Colleague: 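I am attaching a structure below and will ask some questions about it afterwards.
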Amino acid sequence: MTIQRMTLGATAAIVALMGSTALAQDAETITIGGLATLEGPFAEPGEDGLRGVELAIQEFGGEIAGHPIEFITASSDGNPDVALESARRLVEQDGADILVGPLSGSEGIRIAQYAKEQPGTTFLNGGSAAIETTLVDPAENFFRFNTEGAQWTAPLGKYVAEERGWDNIIIVSEDYSFPYAQIFGFMATYCEAGGTVEEKYFTPVGNNDYSSVIAQLPIEAGEVDGMYVVLGGSDAVNFLSQYAQMGGQLPIVGGTNVTDQTVLTTQGPARELLPGILSSGPVSDNADLEAWQEFVTLYQDYYGDEGLPSPSLFASNYYTNTKAALLALQEVEGDLSGDHEAFNEALSNLEFTSPTGTVSLNENRQATAAIYINEVVKQDDGSLALEPIERIEDVDQYLGLEREAYMDLGLPSRENPSCPS
């Protein structure tokens, strides 16, 4: 675990924008803590997530209403206990006024509960997308301006069943809360459309050897229609590489993280399987949305070769949550008095244009926003990117159901949902 203070080249920018060094010295600094996985299988997504925070702060010139912004970071490794320890360091020792993070699903659940212990700090999600984070006993000072895992995959389940005619699939997934959410959303619409799931295979996070799992899978296309793979980071790369090397032939649809830029930029055997994979999520590399194209240009201009060819899902989510914080701070002129009462109220009512379109919050402080169905394509320069097939507007936390009907579905787990039941 590491904690780092980042200047972002902000000193000169702040002074220039504020017009005098005296004002810079007199204004109360607002400290933003960025919590991301910089170790373990999700390290690359974590690094790009923090780029998103940095980019949003730079976009505002490193200050809000005369208040300099200090950005400090802390590392986790996908473990909720480590994430909590890092969050405590940022908030209780380093004095973060606002915390943006974490990245991984089970980490998010833990940090949202920790937020209840810290009413004088405002928490905004980073990239974590477990359902429970905002659905179950939500914290009043925890906000998630990115959609969550089930919202990302619900459109894909129906599409695969109705447009591709897949009636029977298997699932290979990491074994924790975020993949459960991805499976939950996918199966909610896939099963309703008549599809069945023959078997689910769960693997630990950070697994390096998938040979025993692959040996259990149907060998050829035809035994089942395809395989839904819900892995991320190096887990996705390792599985796809080993599946390719072992001659796997099943058609693949992917969980959102399987086709993120942090995976699409990989080299080696996994790259052979990626073109043609369908997935769904809030980001589409080749989307013609003006807000997305502006964000891509901003990202590429700022990071150049240091960043990815196109911003990852994690850069987009961390950027969106940080920008929400900065917009709300702007609205209240940096006022964080009274346990951030005015600031939190501004966040609750905030609606703005994110890189993927309009985003707003429901009563759980959970985002409603658009989702893309994508296909991985190989571009003229040889790079891989997500090509949008369909954009679905205003996907809400309850997947279009009434709240009571949605809650009756129960929380996602290894066993829930199932079809056939």
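Everything numeric here is computed off the predicted structure, so don't read it as measured data.
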Colleague: Can we call the ring centroids of F186 and Y228 under 6.0 Å apart?
Modeller: yes

Colleague: Is it true that a side-chain atom of W152 and a backbone atom of P282 form a donor plus acceptor pair closer than 3.5 Å?
Modeller: no

Colleague: Are side-chain N/O atoms of E107 and S128 paired as donor and acceptor at under 3.5 Å?
Modeller: no

Colleague: Looking only at side-chain N and O atoms, does N321 offer a donor or acceptor that is under 3.5 Å from a partner on N146?
Modeller: yes

Colleague: May I ask you to check whether Y319 and E59 show a side-chain donor-acceptor distance below 3.5 Å?
Modeller: yes

Colleague: When you compare the side chains of Q242 and N238, does any donor N or O come within less than 3.5 Å of an acceptor on the partner?
Modeller: no

Colleague: What do you reckon, are the aromatic ring centroids of F123 and F143 less than 6.0 Å apart?
Modeller: no

Colleague: Ignoring hydrogens and angles, state whether a donor on the side chain of E54 or Y303 is under 3.5 Å from an acceptor on the partner side chain.
Modeller: yes

Colleague: What I'd like to find out is whether the side chain of V230 reaches to under 4.5 Å of the side chain of Y180, using heavy atoms alone.
Modeller: no

Colleague: Would you tell me whether N344 and T122 have side-chain atoms, one donor and one acceptor, within less than 3.5 Å of each other?
Modeller: yes

Colleague: Check D48, L386, D260 against L313 for a side chain to side chain contact (heavy atoms under 4.5 Å, CB included) and give me the one that passes.
Modeller: D260

Colleague: Ignoring hydrogens and geometry beyond distance, is a side-chain donor-acceptor pair present between S383 and Q379 at under 3.5 Å?
Modeller: yes

Colleague: Is the shortest heavy-atom distance from the side chain of I30 to the side chain of L336 under 4.5 Å?
Modeller: yes

Colleague: Is it true that the side chains of N141 and Q118 contain a donor and an acceptor less than 3.5 Å apart?
Modeller: no

